[in-house]
Q: 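Quick one: the structure is below, questions incoming.
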Number of protein chains: 2
Amino acid sequence: MPSELRRPERAFTIRQLCVEFKCTPRALRFYEDKGLLSPARQGLNRVYSYKDRARLQLILRGKRVGLSLSEIREILELYAKGDGGAAQNAKALRKFRERIVVFEQKREDIDLALEELRTACARMEQMLADSRPDLLPSAEEYDKIVRARVDGPHEVRAH
Amino acid sequence: MPSELRRPERAFTIRQLCVEFKCTPRALRFYEDKGLLSPARQGLNRVYSYKDRARLQLILRGKRVGLSLSEIREILELYAKGDGGAAQNAKALRKFRERIVVFEQKREDIDLALEELRTACARMEQMLADSRPDLLPSAEEYDKIVRARVDGPHEVRAH
DNA sequence: CTTCACATTGACGTTTACGTAATAGCGCGT
DNA sequence: ACGCGCTATTACGTAAACGTCAATGTGAAG
């Protein structure tokens, strides 16, 4: 990550975060409505800190792996208040352990899916290689797919 | 898996699959409506084959990792018709490769989340051990959580 | 024969996660 | 002064994935 984005004093407009993470202003305001974000204000305008940006990253990551916004909010809340009394902490610990179990299950689901997809691909490649090798997607085409990954924060360069 | 469930001639009622996979009849009919399942019929009643059961397992697995029903349907369709002409196959192969990339990203998201959850747990355990060791969840309690996993097909035993 | 439990097909309601205007204010370049 | 582009709030619309009745049928049990 460019260290410039990590500087604690760095602030972002709603548009900047939207471009970087490929989402809409509406979505960010919606997350705020639901209590997942609470950026500062300059007048009416929202000002997102580096911490807000990190939270947003967690939110989108959670969404990609199939969590609902309320689940994400719960996790973020537990994660935020590391204090709040020992009893509260003990409850949070239990919930976190539950989450870990769920995530491990998700991981296994993904591994199973990947395995099936890969063997299916291998079968199809074999069939194509036998029948119509000219139709086999080229290696460069595969690279294009990989480079076009839509996931992480999109590098934003000065034009 | 109990081999009894794997026997190709084995048939299931809608209720049996719902109990086994912890979902509702409404959901199965909905998946059918959307073209993800097409069980046989005895009169009006649906009769699910072993293959239908396997499809359902894939559907639910897909849902857990954050796929929409239409995405799942697309994958199942591509997966089903391994024939359909070489050109079709080449297109399917490209789509499968895209899916693989997406799934690899999801896997990474989950690994990142797991890492954060684990270090957070460790921190909280440390804090609790220092302040109120009596509140630390016991090892047996952790086992209970693990045993209570709600994921895979639920073992259905004759009473 | 009746009741009961489960099945079916509609049809409408609900929650989630936003999209899509409509309206209005602020800073800035010309 | 005037439009342009960005922002804001409010409000209504919408697609997905079912939940929840209502009305009906049907086979087995008592």
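Within every chain, numbering begins at 1; the chains are lettered A, B, ... in the order of the sequence lines, protein sequences first and strands thereafter.
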Q: May I ask you to test the B/Leu36-B/Leu56 pair for a side-chain heavy-atom distance under 4.5 Å?
A: no
Q: Report the distance from atom CZ of A/Arg41 to atom C1' of D/dT7, rounded to the nearest whole Å.
A: 10 Å
Q: Which comes earlier along DNA chain C counting from the 5' end, the contact point of B/Thr13 or that of B/Arg26, where each point is its nearest nucleotide?
A: B/Thr13
Q: Please confirm whether the shortest side-chain N or O distance from B/Arg46 to OP1 or OP2 of C/dT8 is below 4.0 Å.
A: yes
Q: With a cut-off of less than 4.0 Å, is there a side-chain N or O of A/Ser70 near OP1 or OP2 of C/dT16?
A: no
Q: Provide, to the nearest angstrom, the distance between the CZ atom belonging to A/Arg73 and the P atom belonging to C/dT16.
A: 10 Å
Q: Flag the pair A/Pro39 / A/Leu37 as yes when at least one side-chain heavy-atom distance between them is below 4.5 Å, and no otherwise.
A: yes
Q: Out of C/dA17, C/dC18, C/dT9, which has the shortest distance to the side chain of A/Ala27?
A: C/dC18
Q: When you measure from the side chain of A/Leu69, which nucleotide among D/dA8, D/dA17, C/dC18 comes out closest?
A: C/dC18
Q: Less than 4.0 angstrom between a side-chain N/O of B/Arg15 and OP1 or OP2 of C/dA7, yes or no?
A: yes
Q: Between C1' on D/dA8 and CD on A/Glu32, what's the gap in Å once rounded to a whole number?
A: 11 Å
Q: Could you check whether B/Glu77 pairs with B/Arg73 (Lys NZ or Arg NE/NH1/NH2 to Asp/Glu carboxylate O, under 4.0 Å)?
A: yes
Q: Check this for me, if you would: do A/Arg97 and B/Glu125 make a salt bridge, where the nitrogen-to-carboxylate-oxygen distance has to be below 4.0 angstrom?
A: yes
Q: When you measure from the side-chain N and O atoms of B/Tyr31 to the phosphate of D/dC18, is any distance below 4.0 Å, counting only OP1 and OP2?
A: yes
Q: Do the charged groups of A/Arg118 and B/Glu104 touch, with an N to O distance under 4.0 Å?
A: yes
Q: Round to the nearest Å and state the distance from A/Leu37 atom CG to C/dA17 atom C1'.
A: 15 Å
Q: Provide, to the nearest angstrom, the distance between the CD atom belonging to B/Gln42 and the C1' atom belonging to D/dT26.
A: 13 Å
Q: If you check every side-chain atom of A/Ile14, which of C/dT8, C/dA17, D/dT7 has the closest atom?
A: D/dT7
Q: Which whole-number value in Å describes the distance from B/Leu60 CG to D/dA17 P?
A: 13 Å
Q: Between A/Lys34 and C/dT16, is there a side-chain N or O to OP1/OP2 distance below 4.0 Å?
A: no
Q: Considering only side-chain heavy atoms of B/Phe30, which listed nucleotide, D/dT9, D/dA17, C/dA17, is closest?
A: D/dA17
Q: Atom CG of A/Asp33 and atom P of C/dC18: how far apart are they, to the nearest Å?
A: 12 Å
Q: In whole angstroms, how far is the P atom of C/dA5 from the CG atom of B/Asn45?
A: 18 Å
Q: With a 3.5 Å cut-off and heavy atoms only, can you find an N or O donor on one side and an acceptor on the other between the side chain of B/Arg29 and the base of C/dT9?
A: no
